[in-house]
Every structure is written in structure tokens, then in C-alpha cells.
**Student:** 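Before I ask anything, let me first share the structure, which is written out below as C-alpha cells.
Since the model is a prediction, treat every value here as computed from it, not as a measurement.
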Amino acid sequence: MSQPVFPPLLTGHSVSGGENPFERAQAMSALGCDAGTVVYNIQADRLRVAIVFAPEVPLQDAMAMLPLCAVGFQNALGALAPPEVAVHLGWDGPIFVNGAKCGTFHAAASSSDPDTIPDWIVIGWELALLQTSGDPGETPDITALYDEGCADVSPEQLVESWSRHMLTWLNRWQEEGNASLHSEWMGLIRDVGEPIGEQGVFLGTDERFGMLIRKGSDTQLRPLTQLLENA
């Protein structure tokens, strides 16, 4: 199996078997690995990837790396998949292909203090390539990439394309701030204007990508930092 080829500034690190790239990337970050390290695990039924960032801004601003990586993924899969395949995102991490959940994004950081510049942030994502259990018809809200007409999209291609699109958005974010990324992300997020259980109605996001929820006359904010898995 060929390995993905990464653009300059990124360094690939392959893991195999059951090892989780998201956890490995956090361990490598704690030991001082370079920013731009991409840890990945390509298996027959799923693809898992994580990247290390070394922010220069407080955590509440650096959390933009989560929507940035997600938008990069959507752009990458959108470019490789057949034109009829729809790829959308959920505010709290899900990846949807043709309306069904196909994967998830994760975020971790060295600190959970929104006002502190963290030593590192790791953004990870995983994508189901094949469904290996049960009858897919029994779970119409869950899918896998190859079930959605994307059997010709190789995981190596997808990792390479994601890395390039992600870097493009990173450069734009560094030059332009959140505005362009926010506009692109809002066009891809599902359920805006819809009820979120008993919490209220999902109005959209603020300038730092936090979820705005209205219940009655009150509007509450869920910052992206709430999604940190080691917070």
C-alpha cells in the first residue's frame, strides 16, 4: 500500500493496527514533536488522521483549527467524490455524507483555559470506509464512504487532498482572520435554525465559531472549547 505524500511544512507519521492517531498525536505533542506532524492510520474499513498545531494565540482563538480542518476535509472529499455526493458538517464534530453520519472530528489541547496560549492543539478525524457490522439498511442515519458512491476515492488520496486544502485554509486564516472561514463553515453546517433537543434553537455561530442557542427570550453561547476531549 502506498503512503500519502504531504506538502512542505507537514510530516507524515504512520501507525498501524488498532493504534489511535488522535491519542498518539497527543502523546507526541506532550513530548515536543513539531507542529505540522500528521499521524494517520489507514485500515480497510476506516481512516483515522490527526494533526498537531502549535498555536500563537489564546485557546479560544486557536480553536478555529477545528472548523478549519473540517472545512478542509469537506473541500477535499467534495473535490474527489462524484458531484452528486453531498458532504456536510455538524457543529460538534460529525461528518455527514448524503445526510448520514460517516465520521467525526475531535479536538484536544494542552490546556483548557480559553485565555491561555496552549503548547499544542491536536485535531483528529475519523471516517468509516466500509460498514462491517449488521445490515446497513437498519441504520439509515449511519453510513460509510464506499456505500455512498465513493469506492474510487482512495484513503491515501483523501489524506493528501485534505492536507493541501487544510493548508490553504490555514494560510487564509492567518492572513484574513476568521471571516472567510466562518462564511465557508456556516454554509456547510447542518441544523441551523433547527431545535437542539430541549436546549433551544440553533441560531448559528458567533465570530469565534461558538454555538448560539435561543430558548425563549434567552440566547446562550457554547464555545468551541467545550468540545475539547481532555478539557
Side-chain angles (χ1 to χ4, degrees), residues 1-25 28 33-53 65-90 93-107 122-132 136 142-173 180-181 184-185 187-190:
M1 182 177 64
S2 62
Q3 298 297 322
V5 177
F6 293 97
L9 304 179
L10 301 183
T11 303
H13 182 90
S14 175
V15 297
S16 59
E19 186 162 11
N20 187 331
F22 183 59
E23 295 175 356
R24 169 62 79 88
M28 293 172 67
C33 75
D34 292 335
T37 297
V38 179
V39 187
Y40 59 94
N41 188 339
I42 299 173
Q43 296 175 283
D45 62 337
R46 63 176 171 167
L47 169 62
R48 292 178 289 173
V49 182
I51 183 169
V52 177
F53 294 97
M65 295 305 97
L66 179 57
L68 187 150
C69 286
V71 167
F73 173 87
Q74 193 279 341
N75 292 175
L77 183 53
L80 294 173
E84 65 272 15
V85 174
V87 185
H88 292 92
L89 306 167
I95 298 166
F96 298 97
V97 177
N98 290 336
K101 185 177 178 180
C102 192
T104 310
F105 271 85
H106 307 275
V122 171
I123 304 297
W125 55 271
E126 54 187 275
L127 189 73
L129 303 177
L130 289 170
Q131 295 198 64
T132 58
I142 298 174
T143 192
L145 188 66
Y146 298 161
D147 292 339
E148 300 298 333
C150 299
D152 292 334
V153 177
S154 78
E156 294 84 6
Q157 271 186 308
L158 183 54
V159 175
E160 290 178 3
S161 182
W162 168 75
S163 68
R164 293 193 298 269
H165 282 280
M166 182 276 300
L167 277 181
T168 297
W169 276 107
L170 181 61
N171 290 332
R172 288 189 65 178
W173 178 78
S180 297
L181 177 62
E184 180 82 3
W185 194 54
L188 300 172
I189 290 294
R190 292 200 348 164

**Student:** Between Thr143 and Glu148, is any side-chain donor less than 3.5 angstrom from a side-chain acceptor?
**Tutor:**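 Indeed, the side chains of Thr143 and Glu148 share at least one donor-acceptor pair under 3.5 Å.
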**Student:** With a 3.5 Å distance limit and no angle check, can you tell me whether Arg46 reaches the backbone of Ala144 through a side-chain donor-acceptor pair?
**Tutor:**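 Between the backbone of Ala144 and the side chain of Arg46 there is no qualifying donor-acceptor contact (under 3.5 Å).
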**Student:** Looking at Pro155 and Ile42, what are the two nearest heavy atoms and their distance?
**Tutor:**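 Minimum heavy-atom separation between Pro155 and Ile42: CG-CG2, 3.6 Å.
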**Student:** Evaluate Tyr40 against Trp162 for side chain to side chain contact (heavy atoms under 4.5 Å, CB included), listing each step before the verdict.
**Tutor:** CA-CA 12 Å; Tyr40 59 94; Trp162 168 75; over 6 Å; no
**Student:** What orientation do Phe73 and Phe105 show, parallel under 30°, tilted 30 to 60°, or perpendicular over 60°?
**Tutor:**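 Phe73 and Phe105: perpendicular rings.
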**Student:** Taking atom OG1 of Thr104 and atom CH2 of Trp125, what is their separation to the nearest 0.5 Å?
**Tutor:**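 Taking OG1 in Thr104 and CH2 in Trp125, the distance rounds to 12.0 Å.
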**Student:** Kindly give the heavy-atom pair with the smallest separation between Phe22 and His106, and that separation in Å.
**Tutor:**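 Shortest heavy-atom separation between Phe22 and His106 comes out as CZ-CB, 3.6 Å.
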**Student:** Does Leu77 reach the side chain of Val97, with side-chain heavy atoms less than 4.5 Å apart?
**Tutor:**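 Of all side-chain heavy-atom pairs linking Val97 with Leu77, at least one is under 4.5 Å.
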**Student:** Minimum heavy-atom separation for Ala79 to His165, with atom names?
**Tutor:**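 Looking at all heavy atoms of both residues, the shortest contact is CB-NE2, 4.4 Å.
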**Student:** Under the side chain to side chain contact (heavy atoms under 4.5 Å, CB included) rule, what do Val49 and Leu158 come out as? Steps first, then yes or no, please.
**Tutor:** CA-CA 11 Å; Val49 182; Leu158 183 54; over 6 Å; no
**Student:** Let me confirm one number: the CZ-CG distance from Phe53 to Leu66, rounded to the nearest 0.5 Å.
**Tutor:**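 Between Phe53 CZ and Leu66 CG, I get 10.0 Å after rounding to 0.5 Å.
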**Student:** Measure the shortest side-chain to side-chain distance between Arg48 and Gln43 over non-hydrogen atoms and say whether it is less than 4.5 angstrom.
**Tutor:**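 A side-chain contact under 4.5 Å exists here.
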**Student:** Flag yes if more than 12 heavy atoms outside Asn171 fall under 6.0 Å of its CG atom; otherwise flag no.
**Tutor:**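 Counting neighbours around CG of Asn171, more than 12 heavy atoms of other residues, nucleotides or ligands fall under 6.0 Å, so yes.
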**Student:** Grab the two heavy atoms, one from Pro7 and one from Ser163, that are nearest each other, plus how far apart they are.
**Tutor:**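 Of all heavy-atom pairs spanning Pro7 and Ser163, the closest is CD-OG, 3.3 Å.
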**Student:** Is there side-chain contact between Val52 and Asp34, with heavy atoms separated by less than 4.5 Å?
**Tutor:**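 Not in contact.
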**Student:** Which heavy-atom pair separates Glu126 from Ile95 by the least distance, and what is that distance?
**Tutor:**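 It is O-CD1, 4.0 Å.
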**Student:** Does the pair Leu68 and Trp185 meet the rule for a side chain to side chain contact (heavy atoms under 4.5 Å, CB included), with working shown?
**Tutor:** CA-CA 8 Å; Leu68 187 150; Trp185 194 54; over 6 Å; no
**Student:** Looking only at non-hydrogen atoms, find the nearest pair between Val153 and Leu80 and report the distance.
**Tutor:**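 The pair with the smallest heavy-atom distance is CG2-O, 3.7 Å.
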**Student:** Would you check if the side chain of Asp45 reaches a backbone N or O of Leu129 as a donor-acceptor pair within less than 3.5 Å?
**Tutor:**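 No, the answer is negative, given that no donor and acceptor are paired below the 3.5 Å cut-off.
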**Student:** Are Val38 and Pro4 side-chain neighbours, meaning at least one heavy-atom pair lies under 4.5 Å?
**Tutor:**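 Not touching, per the 4.5 Å side-chain cut-off.
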**Student:** Going through the distances and angles, do Asn41 and Asn20 end up as a side chain to side chain contact (heavy atoms under 4.5 Å, CB included)?
**Tutor:** CA-CA 7 Å; Asn41 188 339; Asn20 187 331; over 6 Å; no
**Student:** Please round to the nearest 0.5 Å and tell me the distance separating atom CG of Asp147 and atom CD of Gln131.
**Tutor:**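 Atom-to-atom, Asp147:CG and Gln131:CD are 5.0 Å apart.
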**Student:** For residues Ile123 and Met166, determine if any side-chain heavy atom of one lies less than 4.5 Å from a side-chain heavy atom of the other.
**Tutor:**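 No, side chains not in contact.
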**Student:** Report yes if the side chains of Cys150 and Val85 come closer than 4.5 Å at any heavy-atom pair, otherwise no.
**Tutor:**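 Side-chain contact under 4.5 Å: yes.
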**Student:** Looking at CD1 of Ile51 and OG1 of Thr37, how far apart are the two atoms once the value is rounded to the nearest 0.5 Å?
**Tutor:**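 Ile51 CD1 to Thr37 OG1: 8.5 Å, rounded to 0.5 Å.
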**Student:** Under a 4.5 Å cut-off applied to non-hydrogen side-chain atoms, are Leu170 and Met65 in contact?
**Tutor:**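 Yes, their side chains come closer than 4.5 Å.
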